[in-house]
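Side-chain atoms are counted along with the backbone in the values below, which use heavy atoms only and exclude waters and symmetry mates. We name chains A, B, ... by the order of the sequence lines, and we start the count at 1 in each one. These numbers were taken from a predicted model, which means no experiment stands behind them.
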2 protein chains.
Amino acid sequence: MTVRDRLLAAAAELIAEKGWGAVSTRVLAERAGVGSGVVHYHFDSTQAVLVQASVGALREALSGLPALLESAADPESALDALLAALDEAGGQELFIETFLAATRNDELRAAVAGVLTEFRAALAVWLAERGVPTPAETAAVLAAAVDGVLLHRALDPELSRAVVVPVLARVLR
Amino acid sequence: MTVRDRLLAAAAELIAEKGWGAVSTRVLAERAGVGSGVVHYHFDSTQAVLVQASVGALREALSGLPALLESAADPESALDALLAALDEAGGQELFIETFLAATRNDELRAAVAGVLTEFRAALAVWLAERGVPTPAETAAVLAAAVDGVLLHRALDPELSRAVVVPVLARVLR
DNA sequence: GATCGTACTGGACGATCGTCCAAACCCGGC
DNA sequence: GCCGGGTTTGGACGATCGTCCAGTACGATC
């Protein structure tokens with residue numbers, strides 16, 4: 001892995017661990033195992049590293065989802081697979097932190113909105129094929145609900161997939 | 001309003017505006033219109049101000065909710081009123097920031113978990129009275145979904161109550 | 001082997017951070 | 001008028017922040 005990629009990976013870890021506002025140039029370089037000056041050699045600023053790392057993680061986490069939806073037998077197992085995939089992809093807090101940071105950074109906002117729109121569109125098509133009413137609105141609310149579950153689960157581990165999926169599946173009927 | 005209360009109000013504003021990690025002693029004092037030293041006269045630390053302010057805002061926002069639920073005619077209008085109440089109470093970002101900070105601060109985590117448990121219990125009773133299946137699980141997922149909607153709405157203003165409520169109401173059937 | 005360009009290091013710079021504290025302020029009781 | 005205690009001020013302290021840059025390391029090219 002190149003130094004540049006190590007910096008991006010370290011940034012994703014640290015955003016989830018410490019919060020967007022607590023990732024500094026030096027802890028970032030230390031986590032990546034490089035000198036502190038190298039951050040500004042590969043990137044314009046520390047903020048730029050955070051933006052690229054979080055958007056990259058978001059894209060990657062959602063890239064496999066269309067295939068994941070198609071391969072699911074029923075809506076419940078699709079929801080379950082969706083939550084499992086987000087679980088695995090670098091900690092729940094990363095995505096929540098990215099969304100919050102996007103409300104305060106126009107460049108990040110545009111990138112996140114783009115990824116989110118794409119995901120909602122794919123989800124809406126899938127919902128429409130299965131006869132769910134108002135697929136576009138349902139997709140938007142479902143995406144929001146999944147993020148909310150990620151946020152609450154960070155506080156309450158009892159909010160497991162087994163609890164969430166049967167309830168959330170009701171919006172698919 | 002006392003200086004202490006002005007500091008708490010300023011903290012709630014600034015957490016929502018700039019994010020938990022970007023509220024410093026000096027900007028806090030400036031927003032409250034006082035000297036920078038007064039923060040450590042009334043509070044043990046800057047973090048303590050943020051914790052007290054955010055928990056206070058959370059308690060206040062949820063204190064009126066049992067009455068709000070009882071006065072609602074049907075589940076949809078109850079959901080609508082719930083979202084409207086959270087909208088009004090100091091900006092969507094404050095609660096999300098508080099939840100995220102709670103994952104990294106044990107004292108805050110305990111306080112937030114307490115308020116949340118209380119709210120979910122009241123919501124579960126209300127759901128049970130209306131014959132909703134698995135009321136405790138439904139209440140937990142509904143609370144998470146509402147927070148997720150707050151988060152997504154900060155990015156996408158089109159996610160209005162008119163869009164969200166009909167979809168989310170399906171979990172109540 | 002000398003040269004060169006890319007990759008990287010570690011320290012310097014001024015700004016800002018949280019915290020602390022001596023001094024000033026305000027105001028009711030003598 | 002004076003005094004005493006709660007309240008507030010503004011600056012000092014050392015640590016850390018983001019950014020920048022002179023200097024080093026090293027493989028490719030001649």
Does a side-chain N or O from B:H40 land closer than 4.0 Å to OP1 or OP2 of C:dC20, or not?
-> no
With respect to the phosphate group of C:dC8, does any side-chain polar atom (N or O) of A:Y41 fall under 4.0 Å of OP1 or OP2?
-> no
B:E30 CD to C:dT16 C1', in whole Å, measures 13 Å
NZ/NE/NH1/NH2 to OD/OE distance under 4.0 Å, A:E97 and B:R104 | yes
Is A:T25 touching bases, backbone alone, or none of the nucleic acid, heavy atoms closer than 4.0 Å?
-> base
Taking all non-hydrogen atoms of both residues, which atom of B:A145 and which atom of B:L168 are closest, and how far apart?
-> CB-CD1, 4.0 Å
Name the nucleic acid region contacted by A:V39, choosing base, sugar-phosphate or nothing; use a 4.0 angstrom heavy-atom cut-off, strictly under.
-> nothing
Rounded to whole angstroms, how far apart are CG on A:D44 and P on D:dT19?
-> 9 Å
A:S24 side chain: which of D:dT8, C:dG18, D:dG18 is closest?
-> D:dG18
When B:V34 and A:Q47 are each assigned the nearest nucleotide of DNA chain D, the 5'-most assignment goes to B:V34
Looking at every strand, decide which applies to B:V23 at a 4.0 Å heavy-atom threshold: base, sugar-phosphate, or nothing.
-> sugar-phosphate
What is the distance from CZ of B:R26 to C1' of D:dT8, rounded to the nearest Å?
-> 16 Å
Taking every heavy atom of B:A29 against every heavy atom of B:L7, the minimum-distance pair comes out as CA-CD2, 4.4 Å
Atom pair distance, as rounded to whole Å: NZ in B:K18 and P in C:dT16 | 12 Å
Can a donor-acceptor pair be found between the side chains of B:Q47 and B:W20 at a distance below 3.5 Å?
-> yes
Does CD in B:E118 sit with more than 12 non-hydrogen atoms of other residues, nucleotides or ligands closer than 6.0 Å?
-> no
B:D5 CG - D:dT7 P separation (whole Å) | 13 Å
Hey, does the side chain of B:T46 come within less than 4.0 Å of C:dT19's phosphate (OP1/OP2), counting only N and O?
-> yes
Protein-nucleotide distance (A:L7, atom CG; D:dG18, atom P), rounded to Å | 13 Å
What is the distance, rounded to the nearest whole Å, between atom CZ of B:R4 and atom P of D:dG6?
-> 17 Å
Send over the distance from A:H42 NE2 to D:dG18 P, rounded to a whole Å.
-> 18 Å
Look at all strands and tell whether B:S36 reaches a base, only sugar-phosphate, or nothing, counting heavy atoms closer than 4.0 Å.
-> base
